[in-house]
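Everything below concerns the one structure shown next.
Proteins come first, then strands; the chains are lettered A, B, ... in the order of their sequence lines, and each starts at number 1. Because only heavy atoms are used, hydrogens play no part in the values below, and waters and symmetry mates are left out as well, while side chains stay in.
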Amino acid sequence: MTPKEETYTGNEVSHFILDEVEKDVGPGGRLEGLPVHTRFPPEPNGYLHIGHAKAIIIDFGTAELFGGLCNLRMDDTNPVKEDEAYVKAIQDDIHWLGYDWDDRFYHASDYFEQIYNYARELIEKDLAFVCEQTPEEVRESRGTLTSPGTESPWRYRPRQESLDLFGRMRAGEFPDGRYTLRAKIDMSSGNMNLRDPVIYRIQHARHHQTGDEWCIYPMYDFAHPISDSLEHITHSLCSLEFEDHRPLFDWVINNCSLPVKTRQIEFARLDINYTVMSKRKLRTLVEEGLVDGWDDPRLPTLCGLRRRGYTPRAIRDFNERNGVSKVPSMVDIRFLEHCLREDLNKRAPRAMAVLDPVKLTITNYPEDRQETFTVENLPGDSSSGTHDITFSRHLLIERDDFEEDPPKKYYRLFPGNLVRLRGAYIVRCTGCVKDSQGKVIEVLAEYDPETRGGTAAAGQKVRGTIHWLDESTAVQAEVRLYDHLFTVEAPDDDERDYHELLNPESLTVIQNARVEPWLKEDRSYLGYQFMRLGYFIHDNRDSTEDKLVFNRSVQLKDSYRPT
RNA sequence: UGGGGUGUAGCCAAGCGGUAAGGCACGGGACUUUGACUCCCGCAUUCGCAGGUUCAAAUCCUGCCAUCCCAGCCA
């Protein structure tokens, strides 16, 4: 699979980050002449979701547009929160989206030795000191948003002493929390990040990459700019909440002897309505069993979207068309759905499925006869392949495609009306059979042999076309219909408990649906369009040849409004 | 009298002193062997508000308002 062929959208991408990057590497720019180099730096502590997809697309996409490179780097500076188990899943998701980092897969922990040495450099330059304040004391002396902090009593400790202590911290002589290494910047800064931030802490914890080699770990604000620069990253693209960390990022870049003056540029993260995006909330849903794992098709996780039937192309298209800006925004999930439909409409093979079957008997069609029609996978596209469907006297149709007493503008089956059975014949409804409760159990119709293939006679206008299955060849399937996980647009902003906001109808399981038999063997990676219903895909966990399970990716638009 | 951002249609979003792109959503119509797709048409006399500069302002200046982020030894 060539990633580019798989997800290339053809969109003209243009946004402020691209403009800035172009200026930076162009004539007179601050990074003049350097090859554009970005990175995607996930923390291995959870699964990727569509918000990360935005970052991935910006990071990899920017490099791609400038003919540069994008690295994948695990931001693993906090061993107690991270786990190797997430790494493989993260890599799979990025690959699935269509991006690749070649051999440039790194860990921030690869640089622990170098980061340690840069910390020593800062101490030597009198720009960092070993502090003995307790966490409580640090908090108290940091000041508040509106009042300055007070300097640590250890701030002017001789460099040699700090250097010695820092070495002993590394050697494991002290318990967690006993000492920290702090940057010496400005306790009265309006920017809290500059009030002598802690850049190293003692943590006697086993790290998933470095094992027990270290018991001190650098903080994100220190490790990140160093890792970036060491990898010759020209542009460190991140989300808005790091904007006021940028002065600290720059401080590290400027005060350590680093090879490249990486520039950090921030953009607004993606938010979508009717769902939640934070790792913490997603985790809660999974752990409370409110959804079927991290890959539940209702979740915005990439594995969930994949299981739902979303295509990488649709996700990339969605992001590119949304644009990149600094406006904190909430995108309408209907736009995401639109992008999926648009992609699948062009590519997904068509099939017929009946979700709520009722019998249709063609009373003038012989009991012992069966014929086969060959239909194109994509109607009108002869290069799309074909599949066969059978037709006989006993068919199955959708229960709501028959009305004994139809509303105005209803042009499906009702007594006396002419309707086309898609790809087969035009039939005239002659009535129905009901059980003792008055429920329709069978619809009756007569077919017109002259309309084979569904072709209307000259001058004949048939308004309604419905889907159907041959009862004798249709196979049973479970179909899972999904809807938004939450009933409110912004569950995060709602003061009610989120349990109350969950949509009780976010999952509807239909046990007794029927589909065309060829779907037992076929496994289109795009899924299928079940005509007149929507796009569906084999569930990647539960669907087998013995028990078919389909997930509804998205419904077709429907302008029919019964009056 | 903390710092840093952001305000253009219901939702995204172009615009960078010359008279408001585009997409989604929505409404109407055409076409249709999917009530889908496709195709037309409509949808901001106005850019958070108020002043000012200018022949000309969403774009420049001043003030105000709203809203988001920051006080982890998390990232």
Integer angstrom distance from the [atom1] of [N] to that of [M]:
N     : M     : atom1 : value
B:C43 : B:U62 : P     : 37 Å
B:A14 : B:G22 : C1'   : 7 Å
B:U8  : B:A71 : C1'   : 35 Å
B:G52 : B:A58 : P     : 15 Å
B:U6  : B:C60 : P     : 13 Å
B:U46 : B:A21 : P     : 15 Å
B:G27 : B:A36 : P     : 12 Å
B:G7  : B:G15 : C1'   : 15 Å

Which nucleotide, if any, forms a Watson-Crick or G-U wobble pair with [N], using both distances under 3.5 Å?
N     : result
B:C74 : none
B:A14 : none
B:A56 : none
B:C39 : B:G29
B:U34 : none
B:U6  : B:A66

With sugar-phosphate meaning primed atoms plus P, OP1 and OP2, does [X] contact a base, only sugar-phosphate, or nothing at under 4.0 Å between heavy atoms?
X      : answer
A:F318 : nothing
A:R182 : nothing
A:G423 : base
A:K346 : nothing
A:V554 : nothing
A:Q529 : base
A:F335 : sugar-phosphate

[X] and [Y]: side-chain donor and acceptor closer than 3.5 Å?
X      : Y      : value
A:S236 : A:R39  : yes
A:D186 : A:S188 : yes
A:T372 : A:D388 : no

One pair to check against salt bridge (charged side-chain N to carboxylate O under 4.0 Å, His left out): A:R73 and A:E43. What are the steps and the verdict?
CA-CA 9 Å; A:R73 179 171 73 231; A:E43 184 185 16; over 6 Å; no
How many Å lie between [atom1] on [X] and [atom2] on [N], as a whole number?
X      : N     : atom1 : atom2 : value
A:N345 : B:U32 : CG    : P     : 18 Å
A:M330 : B:C68 : CE    : P     : 12 Å
A:M352 : B:A36 : CE    : P     : 18 Å
A:N11  : B:A21 : CG    : C1'   : 16 Å
A:R561 : B:G28 : CZ    : C1'   : 14 Å
A:L344 : B:C37 : CG    : C1'   : 13 Å
A:F16  : B:G5  : CZ    : P     : 12 Å
A:L421 : B:U34 : CG    : C1'   : 13 Å

Taking A:S109's backbone N and O only, do any of them form a donor-acceptor pair with A:H207's side chain (distance below 3.5 Å, no angle check)?
no
As a quick check of understanding, evaluate side chain to side chain donor-acceptor pair (under 3.5 Å) for A:D83 and A:H208, giving each step before the final call.
CA-CA 6 Å; A:D83 198 304; A:H208 53 98; over 6 Å; no
In plain terms, say whether A:E20 and A:K23 are close enough for a salt bridge, that is, a side-chain N and a carboxylate O under 4.0 Å apart.
yes
Position toward the 5' end of RNA chain B (nearest nucleotide), A:K557 or A:R334:
A:R334
Is there a side-chain contact between [X] and the phosphate of [N], meaning an N or O under 4.0 Å from OP1 or OP2?
X      : N     : answer
A:S559 : B:A36 : yes
A:H338 : B:C24 : yes
A:R532 : B:G35 : yes

5' to 3', nucleotides 70-75 of chain B under a 4.0 Å protein heavy-atom cut-off (B base, S sugar-phosphate only, - none) gives BBSBSB
Please identify which of these residues, A:L282, A:L485, A:I272, meets the side-chain contact (heavy atoms from CB on, under 4.5 Å) condition with A:P300.
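So, applying the side-chain contact (heavy atoms from CB on, under 4.5 Å) to A:P300 and each of A:L282, A:L485, A:I272, only A:L282 qualifies.
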What nucleotide, of B:G35, B:U32, B:U34, holds the atom closest to the side chain of A:R412?
B:G35
Distance to the ring centre below 6.0 angstrom and angle to the axis at most 45 degrees; does that hold for A:R412 and A:Y560?
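Positive - A:R412 is close enough to the ring of A:Y560 and near enough to its axis.
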Aromatic contact, A:F166 with A:Y200 (centres under 6.0 Å):
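Yes, ring centres under 6.0 Å apart.
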Please state whether the base of B:U32 and the side chain of A:R463 form at least one donor-acceptor pair under 3.5 Å?
yes
